[in-house]
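Everything on this sheet refers to the single structure shown next.
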Amino acid sequence: MVEPTKCNLFGSTFAEIQDLCSSLGFPRFSAKQICQWLYGKNVSDIQSMTNLSLLQRSRLSEVATIEKMQPVDCQISCDGTKKYLFAAHNGYVETVYIPDGDRATLCISCQVGCRMGCHFCVTGSQGFHGNLSAAEILSQLFSIPEFSSISNIVYMGMGEPMDNYDNVLQSLQVITSDWGLAWSPHRITVSSVGIIPAVERLIADSQCHIAISLHNPFPDERQSIMPMQKAYPIAQLVEMLKKYDWSGQRRVSFEYTMFDGLNDSTRHAQALVKLLNGLLCRVNLIRFHSSPDTPFRTAKKQTMENFRDYLNDHSLRCTIRASRGEDIMAACGLLAGKSNSDNL
């Protein structure tokens with residue numbers, strides 16, 4: 001006889017847990033108690049929820065479980081960055097922990113692989129193998145030893161967050177809601193290649209920061225390295241973003257990976273200033289991290305500094321992002337999921 005499938009409490013929203021408690025005949029306040037154990041105290045066992053009665057814990061255990069991905073490998077960079085490998089239900093994903101003084105940023109993944117097809121990205125070259133569930137996304141935060149030290153989260157790991165919108169949003173709700181971790185959404189940045197309808201939904205549904213992968217201001221040149229430009233032109237995305245007020249704590253930024261001789265000229269800087277004119281934002285320049293079999297090369301340091309200075313001199317706030325974890329393939333664009341699974 002096949003036992004009925006149990007639901008996973010971890011990753012569930014308050015409303016979902018309320019519905020479950022109602023179906024079990026629990027008091028209404030039980031949902032809040034369960035959320036406190038799941039997220040506030042990060043328990044992994046229903047029997048640890050000691051302010052539920054023994055009967056409640058028994059009934060809950062009959063229909064539900066607490067399941068989190070656990071890291072199966074960890075690599076440590078010479079600069080202190082750590083890359084964790086997780087086994088999801090449909091493949092491997094990587095998560096990067098980046099300590100920086102009194103701050104620590106966690107870069108998490110939302111898909112196994114990616115279907116956006118950006119030509120310079122190692123993750124994209126792996127193909128697409130499926131979405132992560134909300135529980136799998138959250139496991140990357142809750143299951144690492146550094147959980148309590150994390151100050152910021154960026155959804156910039158493997159996959160396109162806007163291509164797994166519902167699960168990404170649910171994970172954000174757990175992290176930012178009072179019944180979850182109660183984080184300020186301004187500690188979280190969600191990236192996207194610019195899927196316009198989904199980005200617009202995110203602006204309405206969450207107060208998290210938004211980062212757009214831009215990489216080239218010229219439509220034809222951008223499309224040659226980012227196929228999604230054809231479906232969602234960057235100019236249309238920028239015009240949409242201009243409809244919103246970015247003068248408060250929430251911000252929008254643009255990620256600009258610099259390639260030698262491809263997008264690092266003065267004409268590119270001029271076009272970028274023109275494209276973003278009238279939008280309160282910042283631009284983060286990223287050094288391209290070379291990988292095997294790629295035709296792209298890293299822009300020269302002086303070229304990047306000149307590019308940064310030009311943007312700043314033309315009232316476009318710009319910084320060069322420090323590269324971290326390159327020696328363990330943990331830097332931007334290098335996450336591959338199965339890259340170190342052969343060693344397990």
Side-chain angles (χ1 to χ4, degrees), residues 5-12 44 65-77 81-98 105-147 153-172 174-175 190-193 195 198 213 226-228 289 291-294 325-344:
T5 302
K6 296 182 180 182
C7 69
N8 185 11
L9 291 175
F10 183 70
S12 298
S44 297
T65 186
I66 300 173
E67 296 180 8
K68 305 172 193 172
M69 290 194 305
Q70 299 296 326
V72 296
D73 191 27
C74 176
Q75 290 181 290
I76 303 176
S77 167
T81 299
K82 295 182 179 180
K83 183 173 72 170
Y84 288 98
L85 183 71
F86 289 88
H89 75 281
N90 48 11
Y92 288 96
V93 293
E94 292 173 331
T95 307
V96 182
Y97 170 78
I98 310 166
T105 299
L106 190 68
C107 178
I108 62 180
S109 298
C110 63
Q111 294 180 317
V112 179
C114 184
R115 56 179 151 207
M116 298 300 103
C118 298
H119 297 173
F120 50 86
C121 180
V122 171
T123 304
S125 69
Q126 307 298 307
F128 177 70
H129 302 283
N131 289 327
L132 297 187
S133 67
E136 289 173 325
I137 294 171
L138 290 165
S139 293
Q140 297 167 71
L141 169 63
F142 282 80
S143 295
I144 64 171
E146 297 83 5
F147 169 51
I153 296 173
V154 293
Y155 283 67
M156 295 182 181
M158 296 173 61
E160 163 58 47
M162 298 300 97
D163 192 37
N164 186 16
Y165 185 85
D166 291 339
N167 289 319
V168 166
L169 181 64
Q170 185 161 323
S171 70
L172 292 173
V174 170
I175 297 170
V190 181
S191 70
S192 177
V193 298
I195 301 176
S213 299
M226 299 180 68
M228 290 303 291
H289 304 102
S291 58
D293 303 320
T294 178
E326 188 172 4
D327 58 320
I328 57 170
M329 295 287 284
C332 291
L334 295 181
L335 300 185
K338 294 188 177 181
S339 59
N340 50 350
S341 62
D342 292 340
N343 299 323
L344 301 180

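Residues forming a side-chain contact (heavy atoms from CB on, under 4.5 Å) with E67 (at least two apart in sequence, or on another chain): N8, T65. Partners of E146 under the side-chain contact (heavy atoms from CB on, under 4.5 Å) rule, at least two apart in sequence or in another chain, are K82, Y84, Y97, I144, S149. Partners of S143 by side-chain contact (heavy atoms from CB on, under 4.5 Å), not counting sequence neighbours, listed by chain and number: K68, Q70, P71, F86, S139. The side-chain hydrogen bond (donor to acceptor under 3.5 Å, both in side chains) test applied to S213 returns no partner, not counting sequence neighbours.
Within the 4.5 Å cutoff, side-chain heavy atoms of Y155 are placed close to those of L172. When side chains are defined from C-beta on, Q126 counts as touching V122, because their heavy atoms get closer than 4.5 Å.
Nearest heavy-atom pair, S12 versus V174, reported as atom, atom and distance to 0.1 Å: O-CG2, 4.0 Å. Taking every heavy atom of both residues into account, G159 and C110 meet most closely at C-SG, 3.9 Å. Between G91 and V112, the shortest heavy-atom distance links the atoms CA-CG1, 3.9 Å. For the residue pair A134 and G11, the shortest heavy atom distance occurs at CB-O, 4.1 Å.
The CD atom of E160 sits 6.5 Å away from the OG atom of S191 when rounded to the nearest 0.5 Å. If you take CD1 on I137 and CD on Q111, they are separated by 8.5 Å, rounding to the nearest 0.5 Å. In this structure, CG in L141 is found 4.5 Å from CD1 in I153, a value given to the nearest 0.5 Å. Atom CZ of F142 is separated from atom CD1 of I66 by 11.5 Å, given to the nearest 0.5 angstrom. In this structure, OG1 in T95 is found 3.5 Å from CD in Q140, a value given to the nearest 0.5 Å. Distance check: M116 CE to S192 OG gives 8.0 Å after rounding to the nearest 0.5 Å.
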Evaluate the side chain to side chain contact (heavy atoms under 4.5 Å, CB included) criterion for residues L132 and V168: first the C-alpha distance (whole Å), next the side-chain angles of each, then the deciding distance (0.1 Å), finally the verdict.
-> CA-CA 9 Å; L132 297 187; V168 166; over 6 Å; no
Apply the test side chain to side chain contact (heavy atoms under 4.5 Å, CB included) to residues V193 and M162: give CA-CA distance (whole Å), side-chain angles for both, the deciding distance (0.1 Å), then the verdict.
-> CA-CA 8 Å; V193 298; M162 298 300 97; over 6 Å; no
Could you go step by step and tell me if L138 and I175 meet the side chain to side chain contact (heavy atoms under 4.5 Å, CB included) rule?
-> CA-CA 8 Å; L138 290 165; I175 297 170; 3.7 Å; yes
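Residue pairs meeting the salt bridge (charged side-chain N to carboxylate O under 4.0 Å, His left out) criterion with at least one partner in residues 118-145, sequence neighbours excluded, do not occur; the list is empty. The salt bridge (charged side-chain N to carboxylate O under 4.0 Å, His left out) analysis of residues 106-126, with sequence neighbours excluded, yields the pairs R115-D163.
No donor-acceptor pair closer than 3.5 Å links the side chain of E94 to the backbone N or O of M158.
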